[in-house]
Chemist: 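Here it is, the structure, as structure tokens.
When a ligand or atom number is given, it counts from 1 through the structure's own listing order. Sequential numbering from 1 along the given sequence is applied to the chain's residues.
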Amino acid sequence: MNDIILSVKNLKKYFPLTKGLILEKESGYIKAIDDISFNVKKGETLGLVGETGSGKTTVGRTIIRLYEPTSGEVIYDGINLVNLKENEMRKMRRRIQMIFQDPYASLDSRLTVEDIVKEPMEIHNLYNNNERKERAKYLLNLVGLNPEHLNRFPHEFSGGQRQRIGLARALAVEPEFIIADEPVSALDVSIQAQIINTFEDLQEKLNLTYIFISHDLAMVKHISNDIAVMYLGRIMEISESNEIYKNPLHPYTKALMSAVPVPDPLKEKGREKTILEGDISSNINLPNGCRFRPRCKYSKKICEEIEPEIKEVSKNHSVACHLY
Ligand code: SF4
């Protein structure tokens, strides 16, 4: 159960900035992912958390090479995905599927649910036509939809139901690993918990491994075994989910945590809160030293001069901050 299935090592993804339409001269880089490493264990979930601009979505896309990595390794089940040729990577995408944030935009409105769910099976040349239809029905049932709705179109479904269709489509090719990019953030709060529960049920039934990307720490806590907190392309803190909640160390994690409401109103009232001031900086012109420094109330001299490396400060708990 605790075998590492995915190991990301020193991964970087820099997007070149180009000046002018004709010369297309490179004038710097957006450092969307800037040297990150983490492991995901088989059958478990890693929550990847951070604000917009932290690079978490780019991590998901770079793992499955929708973006080509600038450097680093992505070892999946002993294979370095970075070295795979395009046709080999296409086969690998059967094993690693990605679910996107917006259930409205990610489904082709001209196709019926049957065609949407069957499409990945056709692309990967799996099953015959009758089997594909039967499998589409089975999958709709599995994700909590009525199999009789195969002939309907996406606009006939609610947002939550559309995300379930997206899930059925991802599961069509029997993946082992799913990267879910903000899969519930476009949905009503009342629906979010139901979809998260479906993800959890499916994980247990199908022994799936997840990377669950979200800006919402409260939401990933429920589903994650481990949590990595990202800021401007770097992992600032990584540990087991319970440890991060009980004992957040990095000032950024503490600020994110204090935005999570506590269910007990009395405790919530008396709780000390850290308000995160200012916006996330640009990852084109990063500040000297610690990249969180412009928003950090604990900043000291060394923080201006040296970027802190991530290091293990207690068992399975690593943090990138000069306070530790
Ligand atoms: Fe704050 Fe310094 Fe830690 Fe960065 S290294 S988070 S500036 S205390």
Chemist: What are the protein N, O or S atoms, given as residue plus atom name, that sit under 2.8 Å from atom 1 (Fe) of ligand 1?
Modeler: Cys296 SG
Chemist: Please tell me whether Tyr231 and His250 form a close aromatic pair, meaning their ring centres lie under 6.0 Å apart.
Modeler: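 No, ring centres 6.0 Å or more apart.
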Chemist: Quiz question: by atom type and distance under 3.5 Å, do the side chains of Ser7 and Asn39 form a donor-acceptor pair?
Modeler: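 The criterion, which ignores hydrogens and geometry beyond distance, is satisfied for Asn39 and Ser7.
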Chemist: Could you tell me whether Lys300 and Glu305 make a salt bridge, using a distance below 4.0 angstrom between a side-chain N and a carboxylate O?
Modeler: no
Chemist: Between Thr198 and Arg164, do the side chains contain an N or O donor and an N or O acceptor separated by less than 3.5 Å?
Modeler: yes
Chemist: Before accepting this row, confirm whether a basic side-chain N of the pair Asp115/Arg110 lies closer than 4.0 Å to the acidic partner's carboxylate O.
Modeler: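 Between Arg110 and Asp115 there is no salt bridge, as every charged N stays at least 4.0 Å from the carboxylate O atoms.
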Chemist: Decide, yes or no, whether a salt bridge links Arg169 with Glu119 under the criterion of side-chain N to carboxylate O below 4.0 Å.
Modeler: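 Judged by the 4.0 Å cut-off on N to carboxylate O distance, Arg169 and Glu119 do not form a salt bridge.
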